[in-house]
Amino acid sequence: MSQKTPQAIRGTQDIFGAEAEAFAYVVETFERIRKLYRFRRIEMPVFERTEVFSRSIGETTDVVSKEMYSFEDRGGESLTLRPEFTAGIARAYLTDGWQQYAPLKVATHGPLFRYERPQKGRYRQFHQLDAEIIGAAEPQADVELLAMADQLLKELGIAEGVTLQLNTLGDGNSREAWRSALVEHFAGVRGELSEDSQERLDKNPLRILDSKDPRDKVFVGDAPKIDDFLSAEAQDYFGKVCDGLGAAGVAWERNPALVRGLDYYRHTAFEFVTDRLGAQGTVLGGGRYDGLIETLGGPHTPAVGWAAGIERLAMLVGDKGEDTPEVVVVVEDDAFVTEAIAAITRLRSDGMSAVLIATGSPKKRFDKAAKMNPAAIAFVRSQDGGPIWGVREMREKGDFDFALIVHRTVAGSFNKP
RNA sequence: GCGAUCGUAGCUCAGUUGGUUAGAGCGCCGGUUUGUGGUACCGGAGGUCGGGGGUUCGAGACCCCUCGAUCGCCCCA
């Protein structure tokens with residue numbers, strides 16, 4: 001290990017080869033699906049004023065104080081690398097006049113940053129797909145978003161082993177009533193809870209529900225259920241979401257312990273989870289955040305959205321492998337490099353992927369060419385002082401004579417022989 | 001922030017209870033043979049064994065510190 005080479009920043013990744021192909025495959029599939037559902041593409045800044053995130057998330061949480069990449073710019077302004085998409089999009093909705101397009105369906109993807117300890121499927125710079133519907137209060141919006149997520153996972157070929165867990169947090173009042181009941185329930189057995197959960201009881205009681213500690217699980221089973229606190233409207237809303245999912249053919253299961261840590265979440269909450277990624281099982285998650293836009297100083301605006309970790313999806317997708325070239329052009333005699341460059345240019349213009357090999361001994365050049373497993377190898381050598389082309393077909397490429405096509409192209413002749 | 005495991009050539013790894021000039025495969029470079037060519041053979045470059053300190057006659061192996069990686073806890077917008 002050289003002393004002088006700077007190390008990559010902890011939690012960042014250099015993605016290469018088959019992994020990069022899998023990553024691109026995820027993004028390309030998302031782009032295709034998002035158009036099917038008519039979500040409009042947006043590009044967002046990677047950093048915002050810190051308050052965009054701190055106000056929406058809540059000043060007090062650990063999330064804001066410890067887990068954001070915040071820094072001061074030269075003017076003394078506190079800025080933060082985006083830890084999520086939603087807050088920035090909500091800000092743009094207000095500052096860019098996007099309210100005129102409501103209900104607005106938007107999609108984007110890109111890097112996000114969180115100051116966390118890296119582990120499997122978890123990085124400091126990571127990447128997400130994101131889809132939001134802003135200004136739509138009806139349950140159909142939730143359904144459409146979930147149907148899109150479901151189709152995405154299916155088309156990525158990873159739906160097997162991934163399940164949609166669904167819950168409702170109810171409206172503001174339902175949620176509050178449930179929360180107090182939970183606090184009361186757990187406070188009664190406080191001393192028997194894990195240390196972590198005793199702290200959660202004060203800071204974030206809903207989170208006790210998904211504690212991994214067996215000491216807590218004992219009391220989670222008979223904890224109050226949200227269903228007993230839902231208002232008639234909230235119950236009706238959730239019912240319509242469930243019905244819609246049924247109509248859309250989206251399979252799901254109820255998880256009454258699925259919660260959100262932040263107060264602006266209402267009604268629908270969901271996660272697509274797998275057990276194939278160790279401790280980081282959530283592959284796509286989201287919910288309705290009717291309270292968010294108000295925290296940024298906007299009017300009450302219902303909205304719902306989800307985000308999905310690209311590297312987690314890419315891990316499930318598995319190796320996509322890199323394409324092999326269609327043609328490898330081997331320069332056997334260095335006198336004809338120019339001809340080879342002209343020829344490979346024609347190949348590429350005609351839509352064939354091609355690589356040029358012109359280093360090493362002639363023998364090694366052919367070895368290298370063969371190793372790339374191309375459909376054909378084209379080679380130029382000297383004969384009577386001039387260049388002469390040869391083509392060798394390495395594998396079948398359909399019902400046409402690929403070698404002949406390549407030969408015509410490299411030789412610069414498009415006439416019939 | 002906490003815990004466990006790990007850190008030997010570009011990559012994947014060997015390296016016996018601490019004992020001579022630290023090895024293999026792949027890759028890379030060169031060559032031989034084959035003379036229209038993927039698989040054979042020979043050779044070469046490349047490592048202060050993550051870094052620092054300590055124990056010892058002697059440390060890649062043992063101890064401490066440090067950095068990094070992996071996985072997990074916390075947190076998860």
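Scope of the values below: all heavy atoms of this structure, side chains included, with no hydrogens, waters or symmetry mates. By convention in this document, chain letters (A, B, ...) are assigned in the order of the sequence lines, proteins followed by strands, and residues within each chain are numbered from 1.
In the displayed structure, A:E253 atom CD is contacted under 6.0 Å by more than 12 heavy atoms of other residues, nucleotides or ligands. For A:Y101, the OH atom counts as loosely surrounded, since its 6.0 Å shell holds 12 or fewer non-hydrogen atoms of other residues, nucleotides or ligands. The environment of A:D334 atom CG is dense: over 12 non-hydrogen atoms of other residues, nucleotides or ligands sit within 6.0 angstrom.
A:R215 and A:D213 are joined by a salt bridge, as a carboxylate oxygen and a charged side-chain nitrogen come within less than 4.0 angstrom of each other. For the pair A:D142 and A:K240, the salt-bridge criterion is not met [side-chain N within less than 4.0 Å of a carboxylate O].
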- Task: Give the C-alpha distance, both sets of side-chain angles, the deciding distance and a yes or no for side-chain contact (heavy atoms from CB on, under 4.5 Å) between A:I293 and A:Y93.
- Result: CA-CA 9 Å; A:I293 288 178; A:Y93 181 81; 4.0 Å; yes
- Task: Verify side-chain hydrogen bond (donor to acceptor under 3.5 Å, both in side chains) between A:Y69 and A:Q125, making sure each step is shown before the conclusion.
- Result: CA-CA 10 Å; A:Y69 268 99; A:Q125 177 180 335; over 6 Å; no
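Between B:rG1 and B:rG10, the distance separating the two P atoms is 31 Å to the nearest Å. On the C1' atoms, B:rG60 is 14 Å away from B:rG51, given to the nearest whole Å. B:rG27 and B:rC13 have their C1' atoms separated by 14 Å, with the value rounded to a whole Å. Atom name P, nucleotides B:rG44 and B:rG25: the rounded distance is 13 Å, in whole Å. Of the P atoms belonging to B:rA77 and B:rU5, the separation is 31 Å, rounded to the nearest Å. To the nearest whole angstrom, the two C1' atoms, one in B:rU17 and one in B:rU56, are 16 Å apart. One P atom belongs to B:rU32, the other to B:rU48, and the distance between them is 33 Å to the nearest Å. If you take atom C1' in B:rC29 and the same atom in B:rG46, they sit 11 Å apart, rounded to whole Å.
Within the cation-pi definition used here (under 6.0 Å to the ring centroid, within 45° of the axis), A:R124 qualifies as a partner of A:Y115.
The CD1-C1' distance, from A:I9 to B:rG68, rounds to 13 Å in whole Å. Summarising the geometry, the separation between CD on A:Q7 and C1' on B:rU70 is reported as 15 Å, rounded to the nearest angstrom. Atom-to-atom, CZ of A:F366 to P of B:rU36 comes out at 11 Å; the value is rounded to the nearest Å. Rounding to whole angstrom units, CZ of residue A:R10 and C1' of B:rU70 are separated by 11 Å. In this structure, CD of A:E332 is placed 11 Å from P of B:rG37, rounded to the nearest angstrom. Protein atom NZ of A:K120 is 14 Å distant from nucleotide atom C1' of B:rA69, rounded to whole Å. Distance A:Q13 CD to B:rG68 P: 17 Å, rounded to the nearest Å. At whole-Å resolution of the value, CZ in A:R215 and P in B:rC73 are 15 Å apart.
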Could you list, one pair per line, each protein nitrogen or oxygen that sits under 3.5 Å from a nitrogen or oxygen of nucleotides 28-30 of chain B, together with the distance?
none

For nucleotides 74-77 of chain B, print each protein N/O atom paired with a nucleotide N/O atom at under 3.5 Å, atom names and distance only.
unit_1	atom_1	unit_2	atom_2	d
B:rC74	OP1	A:R200	NH2	3.2
B:rC74	N4	A:Q119	NE2	3.4
B:rC74	N4	A:R122	NH1	2.8
B:rC75	OP1	A:R200	NE	3.0
B:rC75	OP2	A:R200	NE	3.3
B:rC75	OP2	A:R200	NH2	2.5
B:rC75	O2'	A:E67	OE2	3.4
B:rC75	O2	A:E116	OE2	3.2
B:rC75	O2	A:R122	NH2	2.6
B:rC75	N3	A:R122	NH1	3.0
B:rC75	N3	A:R122	NH2	3.0
B:rC76	OP1	A:N204	ND2	3.3
B:rC76	OP2	A:R207	NE	3.4
B:rC76	O2'	A:R114	NH1	3.3
B:rC76	O2	A:R122	NH2	3.3
B:rA77	OP1	A:R207	NH2	2.1
B:rA77	O3'	A:Y265	OH	3.3
B:rA77	O2'	A:E84	OE1	2.8
B:rA77	N7	A:R114	NH1	3.3

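Centroid-to-centroid, the aromatic rings of A:H127 and A:F23 come within less than 6.0 Å.
Remark on RNA chain B: of its neighbouring residues A:L277 and A:N373, the 5'-side contact belongs to A:N373, judged by nearest-heavy-atom nucleotide.
Contact annotation for A:F85: no contact, since no heavy-atom pair falls under 4.0 Å across all strands. A:G278 comes within contact range of the sugar-phosphate backbone alone, with a heavy-atom separation under 4.0 Å but no base atom that close.
With hydrogens and angles ignored, the 3.5 Å screen pairs no side-chain donor or acceptor of A:T29 with any backbone N or O of A:V27. Counting only distance, with no hydrogens or angles, the side chain of A:D290 and the backbone of A:A303 share a donor-acceptor pair below 3.5 Å.
Counting atom types as modelled, A:R381 pairs a side-chain N or O with a base atom of B:rG37 as donor and acceptor under 3.5 Å.
Residue A:Y289 is tested with A:E132, A:R266, A:R260 for a side-chain hydrogen bond (donor to acceptor under 3.5 Å, both in side chains); the sole match is A:E132.
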- Determine which bases of RNA chain B form Watson-Crick or G-U wobble pairs with both distances under 3.5 Å, and write the result as a 5' to 3' dot-bracket string with | for other-strand partners. (((((((..((((.....[...)))).(((((.......))))).....(((((..]....))))))))))))....
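In this pair, A:F379 and A:F366 present their aromatic rings perpendicular. The plane angle is above 60°, beyond the 30 to 60° band.
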